[in-house]
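What's counted below: heavy atoms across the whole structure, side chains too, no hydrogens, waters or symmetry copies. Please read all numbers here as calculations on a predicted model, not as lab measurements.
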Amino acid sequence: MHLLNKFWSEELGLVVSAELVMLGTVGVLGATVGLSTASTAINDELLEFSHAIRSLDQSYHVEGHQSCRAWTASSSYRQQDVEISRADLCGQIESMQNAEKSSEKQSTIKKRKAPPKAKELRKKLEQKKKNENKKKSKQKKKNQNA
């Protein structure tokens, strides 16, 4: 019993434990903020990387060669524009969804909205190109008049 009274009245360890609680709290808060910042930075880098991969152009052209009695054929490939590829992909997804709907019964669960139809995307692209061509022709007229 004497030992318990001694522990109860002793105050030497109190300051140390209060300091440890304070340091532990600051450490946990700092780690939380640091992990949140790291997570945001990683997400931003992955987003930039995905845009870089999407914008890669795989088009190429290799000239043929001809000498005395030997020759090689030329080879080339031109990659389709990203917008047109996306429109085609949306059209394929749309046709697959329509096939699924016809083969299965309608469920009561709400589904996500379908991506824009390929025809709509192609119309938007054509309209955009027409507008750009109009702007270019207006610029040419202004340059010729000046």
Side-chain angles (χ1 to χ4, degrees), residues 7-146:
F7 280 143
W8 188 261
S9 62
E10 187 178 311
E11 296 180 1
L12 294 176
L14 183 65
V15 174
V16 174
S17 40
E19 289 174 353
L20 287 177
V21 168
M22 181 63 84
L23 286 175
T25 303
V26 170
V28 168
L29 290 175
T32 304
V33 171
L35 287 175
S36 173
T37 304
S39 172
T40 304
I42 290 170
N43 285 338
D44 290 343
E45 286 298 321
L46 289 176
L47 181 67
E48 288 178 14
F49 180 71
S50 68
H51 287 298
I53 293 295
R54 184 186 298 164
S55 66
L56 284 177
D57 187 10
Q58 298 178 5
S59 303
Y60 71 91
H61 179 78
V62 178
E63 291 291 329
H65 179 73
Q66 185 174 1
S67 63
C68 298
R69 292 185 177 176
W71 64 274
T72 58
S74 62
S75 177
S76 65
Y77 170 74
R78 185 166 186 268
Q79 183 174 341
Q80 196 174 28
D81 289 338
V82 174
E83 290 85 11
I84 295 172
S85 298
R86 191 177 298 143
D88 290 342
L89 180 63
C90 288
Q92 291 173 3
I93 292 171
E94 181 182 311
S95 65
M96 288 172 47
Q97 287 175 345
N98 290 339
E100 287 177 5
K101 285 181 183 179
S102 63
S103 65
E104 296 177 2
K105 294 179 181 178
Q106 291 289 342
S107 65
T108 58
I109 299 172
K110 290 185 178 180
K111 293 186 178 180
R112 294 185 306 170
K113 284 186 173 181
K117 295 182 179 180
K119 292 177 183 177
E120 294 171 3
L121 288 174
R122 285 193 185 269
K123 285 180 184 178
K124 287 180 183 178
L125 285 174
E126 290 171 2
Q127 187 65 30
K128 185 177 176 182
K129 286 180 182 179
K130 285 179 184 178
N131 291 340
E132 288 175 1
N133 289 338
K134 286 180 184 179
K135 288 179 183 178
K136 287 179 183 178
S137 63
K138 287 180 182 179
Q139 284 288 13
K140 285 180 183 178
K141 287 179 182 178
K142 286 181 182 179
N143 291 339
Q144 289 174 354
N145 292 335

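- Glu63 pairs by the side-chain hydrogen bond (donor to acceptor under 3.5 Å, both in side chains) definition with His61, not counting sequence neighbours.
- Across all their heavy atoms, Ser74 and Gly64 have their closest contact at CB-N, 3.3 Å.
- Taken from NZ in Lys136 to CD in Glu132, the straight-line distance is 6.0 Å, to the nearest 0.5 Å.
- Closest heavy-atom contact between Gln79 and Gln58: OE1-N, 2.6 Å.
- Within the model, atoms CD of Glu19 and CE of Met22 stand 10.0 Å from one another, a figure rounded to the nearest 0.5 Å.
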Less than 3.5 Å apart, which donor and acceptor atoms pair up between the side chains of residues 40-51 and the rest of the protein, not counting sequence neighbours?
| residue | atom | partner | partner atom | Å |
| --- | --- | --- | --- | --- |
| Thr40 | OG1 | Ser36 | O | 3.0 |
| Asn43 | ND2 | Ser39 | O | 3.4 |
| Ser50 | OG | Leu47 | O | 2.7 |

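- By the 4.5 Å heavy-atom criterion applied to side chains, Leu29 and Val33 are not counted as neighbours.
- Distance CD1/Ile93 to CG/Asp88: 11.0 Å, rounded to 0.5 Å.
- In terms of modelled atom types and a separation under 3.5 Å, the side chain of Thr72 and the main chain of His65 share a donor-acceptor contact.
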